[in-house]
Amino acid sequence: QMPGTARHDREMAIQAKRNLSKTTDPVERLRLQCLARGSAGIKGLSRVFRIMDDDNSRTLDFKEFVKGLNDYAVMIDKEEAQEIFRIFDKDGSGTIDFDEFLVTLRPPMSNARKEIIMQAFRKLDKTGDGVITIEDLRGVYNAKHHPKYQNGDWTEDQVFRAFLDNFDSPYDKDGKVTTEEFMNYYAGVSASIDTDVYFIVMMKNAWKL
């Protein structure tokens, strides 16, 4: 685990559950229900939608949308689902584009936060190909300090893999972390941190930027 992220993750989930009772905005309610599952919660929902997108159209109609929410055990009534769907179906075509859906669902972040997240990503992405892999981590992340490595439970590669799994989609761990996944993860963390200054300090310390 990265310094602080587990704690922030828990705080964020607790905060999301608390805010759920206060908000009436349907999109915000859906966002909070996802975040109540931790920083990877929104990514988890995107994974459910991807599985349902049989024809790889990267769009969902209303029936698929509701089924996806139910599969992910989101508590929502039909009226609220319809309202959310209408908000995302900007052109009234009866389908929503789920990349657009995820970007809208992701907690909004200032440019300053996005920039520091990208700095961390670039530092980790040694090969510069836009994906972080075990190979990239060998040069930047020292596995030898990890307790499970020290007591012989895990190899270096297992430590790296566990590290990548933090950022990876919960049901689709492929040992590769894309910019999008990294951003989604930190959008979750960011939601629990009030000021840009504190978020930036946390990122700088965590990644030695």
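Please read all numbers here as calculations on a predicted model, not as lab measurements. Any value given below was found using the heavy atoms of this structure, including those in side chains, with hydrogens, waters and symmetry copies removed.
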Show the nearest heavy-atom pair for residues [X] and [Y], with the distance to one decimal.
{"X": "Val27", "Y": "Asp25", "value": "N-OD1, 2.8 Å"}
{"X": "Pro26", "Y": "Glu83", "value": "CG-OE2, 3.5 Å"}
{"X": "Ala36", "Y": "Ala16", "value": "N-CB, 3.8 Å"}
{"X": "Asp53", "Y": "Thr59", "value": "OD1-O, 3.7 Å"}
{"X": "Asp157", "Y": "Arg138", "value": "OD1-NH2, 2.6 Å"}
{"X": "Tyr72", "Y": "Arg37", "value": "O-NH2, 2.5 Å"}

Using side-chain heavy atoms (C-beta onward) and a distance below 4.5 Å, is [X] in contact with [Y]?
{"X": "Leu69", "Y": "Leu45", "value": "yes"}
{"X": "Ile14", "Y": "Glu11", "value": "no"}
{"X": "Leu124", "Y": "Phe182", "value": "yes"}
{"X": "Phe160", "Y": "Glu135", "value": "no"}
{"X": "Leu20", "Y": "Arg29", "value": "yes"}

Transitive ILVMFWY side-chain link [X] to [Y], under 4.5 Å:
{"X": "Met75", "Y": "Ile42", "value": "no"}
{"X": "Val189", "Y": "Leu209", "value": "yes"}
{"X": "Val131", "Y": "Leu164", "value": "no"}
{"X": "Tyr198", "Y": "Ile200", "value": "yes"}
{"X": "Leu32", "Y": "Tyr185", "value": "no"}

Just do the side-chain contact (heavy atoms from CB on, under 4.5 Å) check on Arg58 and Arg50 with the steps written out, would you? CA-CA 7 Å; Arg58 304 195 69 76; Arg50 238 170 237 132; 3.4 Å; yes
Could you go through the side-chain contact (heavy atoms from CB on, under 4.5 Å) check for Thr104 and Ile87 one step at a time? CA-CA 10 Å; Thr104 312; Ile87 292 167; 5.8 Å; no
Do Phe88 and Phe65 have their ring centres less than 6.0 Å from each other? no
Between the side chains of Ser93 and Asp91, is a donor N or O closer than 3.5 angstrom to an acceptor N or O?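 Yes, Asp91 and Ser93 have a side-chain donor paired with an acceptor closer than 3.5 Å.
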Are the side chain of [X] and the backbone N or O of [Y] linked by a donor-acceptor pair below 3.5 Å?
{"X": "Asp89", "Y": "Gly94", "answer": "yes"}
{"X": "Lys123", "Y": "Lys208", "answer": "yes"}
{"X": "Asp136", "Y": "Thr133", "answer": "yes"}
{"X": "Ser21", "Y": "Arg18", "answer": "yes"}

Begin with the C-alpha distance, continue with both residues' side-chain angles, and end with the deciding distance and a verdict on side-chain contact (heavy atoms from CB on, under 4.5 Å) for Glu64 and Asp61. CA-CA 5 Å; Glu64 291 172 318; Asp61 62 24; 3.3 Å; yes
CA sep, side-chain torsions, deciding dist, call: Val66, Phe62, side-chain contact (heavy atoms from CB on, under 4.5 Å): CA-CA 6 Å; Val66 172; Phe62 182 66; 3.5 Å; yes
Separation of [Y] [atom2] from [X] [atom1] (nearest 0.5 Å):
{"X": "Leu35", "Y": "Met12", "atom1": "CG", "atom2": "CE", "result": "5.0 Å"}
{"X": "Phe85", "Y": "Glu80", "atom1": "CZ", "atom2": "CD", "result": "15.5 Å"}
{"X": "Ile132", "Y": "Thr179", "atom1": "CD1", "atom2": "OG1", "result": "8.0 Å"}
{"X": "Trp154", "Y": "Arg161", "atom1": "CH2", "atom2": "CZ", "result": "11.5 Å"}
{"X": "Glu28", "Y": "Asn19", "atom1": "CD", "atom2": "CG", "result": "7.5 Å"}

Please table the atom pairs, donor to acceptor, closer than 3.5 Å between any side-chain atom in residues 105-119 and protein atoms at least two apart or in another chain.
from: Arg106; atom 1: NH1; to: Glu180; atom 2: OE2; distance (Å): 3.2
from: Arg106; atom 1: NH1; to: Asn184; atom 2: OD1; distance (Å): 3.1
from: Ser110; atom 1: OG; to: Arg113; atom 2: N; distance (Å): 3.3
from: Ser110; atom 1: OG; to: Asp196; atom 2: OD1; distance (Å): 3.4
from: Ser110; atom 1: OG; to: Asp196; atom 2: OD2; distance (Å): 2.9
from: Arg113; atom 1: NE; to: Asp196; atom 2: OD1; distance (Å): 2.6
from: Arg113; atom 1: NH1; to: Ser190; atom 2: O; distance (Å): 3.0
from: Arg113; atom 1: NH1; to: Ser190; atom 2: OG; distance (Å): 2.8
from: Arg113; atom 1: NH1; to: Ile193; atom 2: O; distance (Å): 3.1
from: Arg113; atom 1: NH2; to: Ile193; atom 2: O; distance (Å): 3.0
from: Arg113; atom 1: NH2; to: Asp194; atom 2: O; distance (Å): 3.1
from: Arg113; atom 1: NH2; to: Thr195; atom 2: O; distance (Å): 3.3
from: Arg113; atom 1: NH2; to: Asp196; atom 2: OD1; distance (Å): 3.3
from: Glu115; atom 1: OE2; to: Arg122; atom 2: NH2; distance (Å): 3.1

Tell me whether Lys90 at atom NZ has more than 12 heavy atoms from other residues, nucleotides or ligands lying less than 6.0 Å away.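 Count over threshold, so yes.
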